[in-house]
Structure formats: structure tokens, C-alpha cells
Student: 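One structure, pasted below without further comment.
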Amino acid sequence: MAAMNKPKRYSPEEVEPKWQKAWDEAGVARAEEGSDKPKFYVLEMFPYPSGRIHMGHVRNYTLGDVLARYKRAQGFNVLHPMGWDAFGMPAENAAMQKGVHPKAWTYDNIAYMKGQLKRLGFSLDWSREFATCDPEYYKHEQAMFLDFMDAGLVERQKALVNWDPVDQTVLANEQVIDGRGWRSGALVEKRELDQWFLKITHYAEDLLKGLDELDKWPEKVKVMQRNWIGRSEGARFTFRLVDEQGKEWPEPLPVYTTRPDTLFGASFVALSPDHPITKKLAENDPAIAEFIRECAALGTSEEAIEKAEKKGVRLPLYAIHPFRPEVKLPVYAANFVLMTYGEGAIFGCPAHDQRDLDFARKYGLPVIPVVCPKDTPPEKCEIGDEALTDSERDDLVMINSDWMNGMTPKEAKEAAIAKLEEMGIGERKVNYRLRDWGVSRQRYWGCPIPVIHCPECGIVKVPKEDLPVTLPEDVTFDEPGNPLVRHPTWKHVKCPQCGGDAERETDTFDTFIDSSWYYARFCSPHADVPVDLEKAKYWMPVDQYIGGIEHAILHLLYSRFFARAMKDTGHLHLKEPFAALFTQGMVVHETYKTESGEWVEPALVERREDGLYHRETGERIIAGPVEKMSKSKKNVIDPEAIVEKYGADTARWFILSDSPPERDIEWTEAGVEGAWRFVQRVWRLIDEIADVTAPTERPDNLGDDALALRRAAHRTLAAVTKDIEALRFNVAIARIHELVNAISQALRKGGGNPPEDLAFALREAAELLVQMFAPMMPHLAEECWQRLGRQGLVAQTSWPRAEETLLQQDTVKMAVQVNGKRRTEMEVPKDAPREEIEKLALQQDAVQRAIAGKQVRRIIVVPGRIVNIVAS
RNA sequence: GCGGGCGUGGCGGAACCGGUAGACGCAGCGGACUUAAAAUCCGCAGGGCGCAAGCCCGUGAGGGUUCGACUCCCUCCGCCCGCACCA
């Protein structure tokens, strides 16, 4: 008989804080080096301290926490740290809008969000916490930058940037909307500024090759990175140029091509509007100058590029065809030729390149096919509106190409390159789309770049002993622009070399630098070097990295680059920081609008019999599509409200159920209610079983019910173990549901006073159940564990092992098919001989009916699964 | 245009290596308990025909391989994501 005062209902608001405290005190999440256990480093992408945790965080960190808790139980020494990606523009925006200092705003947010993460019960090692805006963190970033400079991995280049003349700052491409600054609305200008660049291109080939080894990364991400790096093989060669009088231009013109095989089809040469020759010619030719202006005004927005017509302007030059000196190709400046790729100049072969074809048609240039399908006679080979761009197909052959005629395009490529090399005017060349990484930002809330500009000595590195270069705190945000520039004293320093007056660099680093090495810092967060190599050698690489797909290129590529640069400067020992990557799906929610088209938040929507209504105004509400939670569409569910109402375990359980973690999950009230009911149901079940008196030793003879339950429990354990390993949490949860159903049924069968054997099985199953869901619902698990009278924390208990003998069955159910159609099923002994199974199958009534009047031709037996009788 | 992925009940999704399609959950329906409701518990549930036993159809469409296909191959349709004047 249960005690009267026992809580009927599980109350997370009381239970959860209690266990969170217990975990803290027991140091459950503490990771220590020097353990003889194998290590496991699980990391989720650290958050930007925007103010509050959102559902995406809940999903991300729940996935990681399940894995961390599971691996700990499996006997791993687990590193599961958390920190803050704390530099960035929102802090400055808050400063401008609300008058708070970015630092205060950031640290307040961190404090608040840390509390939220704790209330969600994540087993994080907070002793390793840091924020990237801590000078203790960024001073190491500055030191490494100096080392990168010494290693030749840093360059200062002029670069075209988006300049907002009102806010007086550089904007990222994403911050330019329809040619205007997203905050100021001012027309953005293109400015050429001196910027710091990290030479990521130095590792282009290695970053590409490294992808092949990352067998635990999603193919999708690797493909995106491959495309981004954009390796292409071709040739670089030069054209001789002559002017209209036939006078030789002083310099030959280099071009890059991936299709040297099509050289005989060339009908023009085109330069980028930004090409030095174009600019030079524009000095004396207003038409060219006007064209350059036009192209610059068009901007670089994707939309503009997409819509832009192929356009060009004739330059007063001809290019001499390298293989046919008598042929002079007209030279144009064309808007589709990019200065930033290859040599900023191309030869146009309209027959085999769509852009060239469009251009040729517009300007009436010849279209000479040089590649032709084998079964088409050369004279019939014509190009309409579409260029023939294939070159890999084997059924293609070169035509109109002098000595290359008859070759395949592949052979012709080789032949053309050989010829260009022989002539001494070109060579084989690999090109990459990847550009160097511009890291200068004209912002305050970022890591200061540790260099000094001296009028005498030029660029001078800040001596390492003077690091960190810290941000001044007495800055104002009442004017646009970078407060570091107008700070009265900060930038004025003596040159470390000559002692004369000099100025600090006032740009700060792109915040992507901060997140490019934080994973390594977690190994030794308090070390006085960027990374303690001994510790990094123990913990790195990250065994499982988890985060959103939106970082597929930027963050993940920068991190891979940084690891390489750190390795080459002695700060790390490996090139690939993340051994396994998991990209989670988004949390989505239905959207709601009033009839007048205003977005309505879910909390204000009331579900009535005949539809949806506004809780306050009573207006009709129309449900819209299910979309990513976003403030603008108001379809946001605040995790804090969920935790308050249902507790962390319910939130965690729901977000893990139903949808596989890589897919989007729809947050629904009904789904959360379901999870909540399950939490209560488990609690009631454990509560009842705790009252059953059970033997501690397994009774010798187990009845059918007890044996069946033991089998169910151990089979579930085996399945759940596999599913967690594979991050198939939704399936693991389904198995756990099944086990709960099985235990409930067994408990009902046993009545209030089950026999000894069943009592033992019930207890065993209950304990296994609790251990299985502990990584997902850790608080409930501890409470149940205690209720079952077990000592210690589940969080510190080893993962149970399934008993092998219980996983096997004495008899198996086999389906019986006739001609591939299932007719019946039968129970046969596990290792019944083949003949026995065939005989039994043929005896089945349903089989007899199905084969009546037919001849049995063949019987296929798949042991333990099916029998298929082929009859005709 | 190029690249990647995905199409399974009303919904989210299961299905090991080619072997009983639809586990589990949500929503739904019926019943028990209750004065009533909530909660809880029991049961039903892909579609069609049938009183039933049972039979037929069924994993986007069509074809192929196979004793057997959600799974492998080909063609097509649809959706999602990424990249995109990259020579």
C-alpha cells in the first residue's frame, strides 16, 4: 500500500533543481586529464550571447548532452564544455539603441543564458567556460596572429569593400540590401581599403584533400566545401596584343582557361572592367570609362548579377591567336569577366560556352564549333541558342581545329597545353575559387588587431610581452563609425621599433576568428599559451561536433584552416579539428495571421471547435505554413516558458522524439503534452514498482511472464544502445515507449502482489528502463533511481549490458509466402532444420489453399525470417 | 544551369545487409471509471470487398533485375537545400 502523502504527480519544478545541485556537487561533468579511461570530446557550437536561449539551442545542446551522458556511462572520460561567442555587432547595436555598454550587455546576457542552460540540466563542464571577449582569451588570438604573420600567413592588401557613408563602416555583403546599408539605408559605396587577410588559399589544396578523410562528416557539407574551394584544372597562357595600327602592346595578356581544347574556336578576347588594361585605356576613352562606371554601379548583389545582360565595350586592341598568328581576335571589356578569378581575362569560344555565346550573338561575333558529336558530320555541326559545353563525353571529337582534328576534347586539352608549353607562352594551371579571408572589421566590439602603424617603420607588430591589446572601455556610441578611431588616447602609441609617434590599428578581427579555435582552447582554458599541446594531444580532435548546417562553409572551413595554420606555427598538432560532424535540423512551428494579415504569436492562438481564434481580441486566426521559428513571423516558442510549465525533461524528451535529429522538427503543443504525459506515466509506473517487494537475487526458475519481460527489457537495452550510438534518438525513444508498455502490462498481470520471479523481472526492467532514458531525461531518472532505492546517481552509473542469452529466442515467428505473397506466419523452433521448416510451411492451411492445383517448384528458406514457396 | 538530398497512413516517422511495410508517437474513434469533466485505464484504426474466414490493392509514376524490391538499376514527375557570370 502506497503511503498517503506520496506525491502522485511528478513535479519537475521541485525535482529538477535538486538534482542539478547534486550533479554540481558530485562533479558529474568535470573532465580531468590523466584518466586511464578512453577520452571522448563532444562539442556543440557555442552560442552567441544574444540574451536568451532559443529552441535551436535546446535541440543542439540536448543532442550533445545525451551523447555526453551516454558516453560517460559507457566508461569514457568525457569533455563536454561550453563557452560564449561573445564579440559581434548586436552588442554594438544594443549600445547605440539602448545606451548600454557592449561589455555590460554581453556579460549580462551570458549570466542569464548560463542560468537557462543550467535549468535545462545539461551536463557541461563549467570550469572550462570562457567568453571570446575575455582578454584572457583574445590575447592568445593576438599572439597567434603575430605568429601567423611570421609564418607568412598574413597579408595586407587593398580590397574593395562595401562602405556605408552614414554609419562610416564596412558592411558585409549580407548587410547590403538592394544596394543600401541595412541600418542607415544609405547607398553603399565601393571603397578600396587596406585590409588584413589570412592566407587561407595557401591551404586550398590541403583543405580540399582533407575532406576525403572526413568519413564521419555529412556528404552534403563536404560537397559544399569542395564547391566553395572550387578547384579547376586548365591552362594559363598569354596573348600578344596589338593596337589598331598594328603596334605591339608592351605586355602580353595572360588568360586562364579550363578549355584549352577549344582554342581554335576562339572568336574574341574579353577583359574584366576592373582589369588594369581596361582602366588604362579608359583614361583616353570616355566610352570605356563610362562602361566601367556602369559595371561598378551594378553592384555585386546576386540578383543584379543574375539579371544582368552580357554586355561589353570594344577596346582598341587585337589579340594574336597563339596557334594562328594570322588571326587577330577583337578585344572587349565585358561585364561578365571577373577580376578576382583567374587572370581577369578570357578568350571567348562562343560555340562551347554559354556566356560567350550570348555575348557573341549580341555583338555579331563568329561562332565556330570545334567540338562535335562523332556521329554528326562536321559540316552539319551547328550551334543554335545553346552552347555545347560537354567535354568529358567519349562520343565527342575535335573539328575545325587544324592539327587537333580527330582528337577527343580530353586529348586535345593535353595537346594544347603541351603546345603552349613548347611555345613558352603558357603552362598547366590549377585555379581555385577560394579567396583569402579578409578579417578587418571597422568595429569596436571585436578583438583588436595587434599591429601598429609607424610613419617611419611601417607596419610594426605589437611585441608579445605587450599583449593583450585590450579594448578601451570609455567609448561612446552616439556617433556613427568606429569609436576606436575617435577615442582620444587609445590609438596613440610609441612605435615599438623606433620609439616615435605611431598609431594603433583601429580595425578589429572578424568574429569568425574567435570561433575558429575555441574548440582547442577548451582543452586548456586557463593555460598561459593559446593551447597547452600536451592537453590538446589528449583531448583533440573533437570526437563529435554538433551544430546547424548554416555553418557548413564559413565556420567549419575557417576552423579547418585555423587548425592547419596553428599546426604550422606549433600551436596544435593536427589538421582536422572535428573527427565527426553532425548537422541538426531546425525547429519549426506553424505560423498564424489575423485576417488583416498581422502575425500572431502561438501563445495568443486559441483552438476552438470551428477553428482558431485570437485569445484576446477574438478575431479569426488563419494558420499559415510551418516555418523556422523567427521573431519576424512571431512563431517562436520560448524554451524558458516550456521549462517553467513542463520542466526540462519534457522539453528534452519532446525535442528528441518523432523526428530524426538531422531533419526539421515541428514544435507542437500536442507533442509537448504527449511528452509530459509520458513523464508522468513513467513516474507512476516506477512508483508502483518501487512498492513491489522483489528478491535481490534472480530466482532460479522464471515463469513465462517473468522471462518474457526480461527478454523485452534486455532486447530494448541492446536496441537503444545501438540507436544512441548512431544518434537515432527518435528510434531509441520509440523502443523505450515499447518497454514502458511491456512493463505496464506485466505489472497489471502480476496484480498488486506479483510472484517472486515476476517481481524480480519487474524491478530489473524498471532499473534498466531508468538507466536507458537517463541521458535524455536525467532529472526524472535520478528521482526514479532514488525511488527504487538505489544509491548514488544514475549520472555516475555504468551503462548496463544486455544479457546475451536473453536476446535469443527459442522459437521464432516466420512469415510464409507463396510466390512472394505473404499467406500466413508460423512459430518454429529457433534452430529447426530446413526440411522441418519446409514441411511445416507446406502444412499450413493458407499455403495449401494457395498452392492448390499447382506444382511446388522451389522453397526458399531464410532462417528466422521467411519461407517462400514458389509454385506454378 | 550545376551539385546534393528527399518522396511511406490524417500527421511526425519505423522497417538490420533485398526477406511479415506502417513499429512508436500525435491527432481520431469506441468503451471503462466519474454526478460531470479533466486525468487515467482498456480497445480499434492504410484503402477496398465481405456477416465472417478471407481475398484484392498499396511505399510519387512507369519499367527492369530477383523466389522476393520502400530498399538495387533505368526513365520520368514533384519537393527541399546549397552554389551560381568561377572562364
Side-chain angles (χ1 to χ4, degrees), chain A residues 8-9 218-228 230-232 234 255-259 262 270 272 302 304-306 308-310 334-338 340-349 352-356 358-359 386 389 431-435 549-550 552-553 626 654 657-660 662-666 668-675 677-678 680-681 684 719 722 728 730-741 744-745 748 813-825 845-846 849-850 857-872:
Chain A
K8 273 269 177 283
R9 187 171 162 277
E219 198 51 40
K220 183 181 176 146
V221 174
K222 291 194 278 186
V223 167
M224 281 163 74
Q225 293 210 357
R226 276 189 198 107
N227 291 341
W228 186 262
R231 184 184 200 273
S232 71
V255 298
Y256 177 73
T257 179
T258 54
R259 296 294 305 274
T262 64
S272 164
E302 275 156 44
I305 288 168
E306 204 169 342
E309 199 191 343
K310 305 282 169 289
N335 62 351
F336 64 94
V337 182
L338 307 172
T340 45
Y341 186 81
E343 302 291 336
I346 60 155
F347 75 82
C349 176
H352 306 293
D353 183 290
Q354 193 58 48
R355 292 155 305 170
D356 297 351
D358 296 346
F359 191 80
E386 273 188 41
T389 54
N431 238 329
Y432 300 92
R433 215 180 67 108
L434 185 70
R435 310 281 153 66
I549 187 81
E550 66 274 18
I553 295 176
V626 174
F654 172 64
S657 334
D658 291 352
S659 294
E662 69 277 11
R663 259 187 245 180
D664 290 353
I665 187 167
E666 185 183 351
T668 61
E669 187 69 14
V672 186
E673 291 283 355
R677 280 200 301 271
F678 183 73
Q680 297 298 342
R681 187 174 169 214
R684 277 195 307 274
K722 251 172 79 184
R728 292 152 35 101
N730 58 321
V731 185
I733 282 177
R735 302 279 161 264
I736 291 172
H737 269 287
E738 282 173 317
L739 180 59
V740 168
N741 291 342
S744 302
Q745 222 163 49
R748 231 179 306 125
K813 265 190 190 151
M814 289 181 73
V816 184
Q817 299 180 329
V818 175
N819 291 332
K821 269 201 173 107
R822 178 179 173 278
R823 290 297 162 181
T824 185
E825 63 179 30
D845 287 348
R849 272 199 307 276
R857 304 281 172 197
R858 212 174 135 188
I859 303 182
I860 290 124
V861 177
V862 183
R865 294 204 180 268
I866 63 134
V867 181
N868 190 10
I869 295 161
V870 186
S872 60

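Being a predicted model, the structure only gives us computed values, none of them experimental. Sequence lines set the chain letters: A, B, ... in the order given, protein chains first and strands last, and positions in each chain run from 1.
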Student: Please name all residues satisfying salt bridge (Lys or Arg N to Asp or Glu O under 4.0 Å) with A/Glu666, sequence neighbours left out, ordered by chain then number.
Tutor: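 Salt bridge (Lys or Arg N to Asp or Glu O under 4.0 Å) list for A/Glu666, sorted by chain: empty.
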
Student: Dot-bracket notation for RNA chain B is requested: 5' to 3', Watson-Crick or G-U wobble pairs only, both distances under 3.5 Å, with ( ), [ ], | and . as defined.
Tutor: (((((((..(((......[....))).(((((.......))))).((((....))))..(((((..]....))))))))))))....

Student: Could you pull out all residues at least two apart from A/Asn730 that satisfy side chain to side chain donor-acceptor pair (under 3.5 Å)?
Tutor: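 Scan of A/Asn730 (side chain to side chain donor-acceptor pair (under 3.5 Å), adjacent residues dropped) gives none.
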
Student: Measure all distances between protein nitrogen or oxygen atoms and nitrogen or oxygen atoms of nucleotides 26-29 of chain B, and list the pairs falling under 3.5 Å.
Tutor:
from, atom 1, to, atom 2, distance (Å)
B/C26, OP1, A/Arg677, NH2, 3.1
B/A27, OP2, A/Arg677, NH2, 3.4

Student: Can you list everything that forms a side chain to side chain donor-acceptor pair (under 3.5 Å) with A/Glu673? Sequence neighbours excluded, please.
Tutor: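 Scan of A/Glu673 (side chain to side chain donor-acceptor pair (under 3.5 Å), adjacent residues dropped) gives A/Tyr646.
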
Student: So, using salt bridge (Lys or Arg N to Asp or Glu O under 4.0 Å) as the criterion, who are the partners of A/Glu662 when residues are at least two apart?
Tutor: none

Student: Below 3.5 Å is the cut-off: list the nitrogen or oxygen pairs between protein and nucleotides 3-5 of chain B, distance only.
Tutor:
none

Student: Please tell me which of the listed nucleotides, B/U40, B/G82, B/G13, lies nearest to the side chain of A/Ser659?
Tutor: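 Within the option list, the nearest is B/G13.
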
Student: Go through the structure and list residues passing side chain to side chain donor-acceptor pair (under 3.5 Å) with A/Arg823, not counting sequence neighbours.
Tutor: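 Here no residue qualifies.
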
Student: For A/Thr389, what residues pass the side chain to side chain donor-acceptor pair (under 3.5 Å) criterion, not counting sequence neighbours?
Tutor: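 In terms of side chain to side chain donor-acceptor pair (under 3.5 Å), with neighbours along the sequence ignored, A/Thr389 is linked to no residue.
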
Student: When you check every protein heavy atom under 4.0 Å of nucleotides 50-64 of chain B, what one-letter string (B, S, -) results, 5' to 3'?
Tutor: ----SSSS-------

Student: Just the table, please: protein N/O against nucleotides 15-19 of chain B N/O, every pair under 3.5 Å.
Tutor:
from, atom 1, to, atom 2, distance (Å)
B/A15, OP1, A/Arg728, NH1, 3.0
B/A15, OP1, A/Arg728, NH2, 2.6
B/C16, O2, A/Arg865, NH2, 3.4
B/C16, N3, A/Arg865, NH1, 3.2
B/C16, N3, A/Arg865, NH2, 2.2
B/C16, N4, A/Arg865, NE, 3.1
B/C16, N4, A/Arg865, NH1, 2.5
B/C16, N4, A/Arg865, NH2, 2.9

Student: What is the distance, to the nearest angstrom, from the CZ atom on A/Phe678 to the C1' atom on B/G12?
Tutor: 17 Å

Student: Just label B/G31 as syn or anti from its O4'-C1'-N9-C4 or O4'-C1'-N1-C2 angle, using within 90° of 0 for syn.
Tutor: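 B/G31: anti.
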
Student: The side chain of A/Glu825 lies closest to which of these nucleotides: B/C67, B/A14, B/U20?
Tutor: B/U20

Student: Keeping to residues at least two apart or across chains, list the salt bridge (charged side-chain N to carboxylate O under 4.0 Å, His left out) pairs with something in residues 731-740 of chain A.
Tutor: A/Arg735-A/Glu738

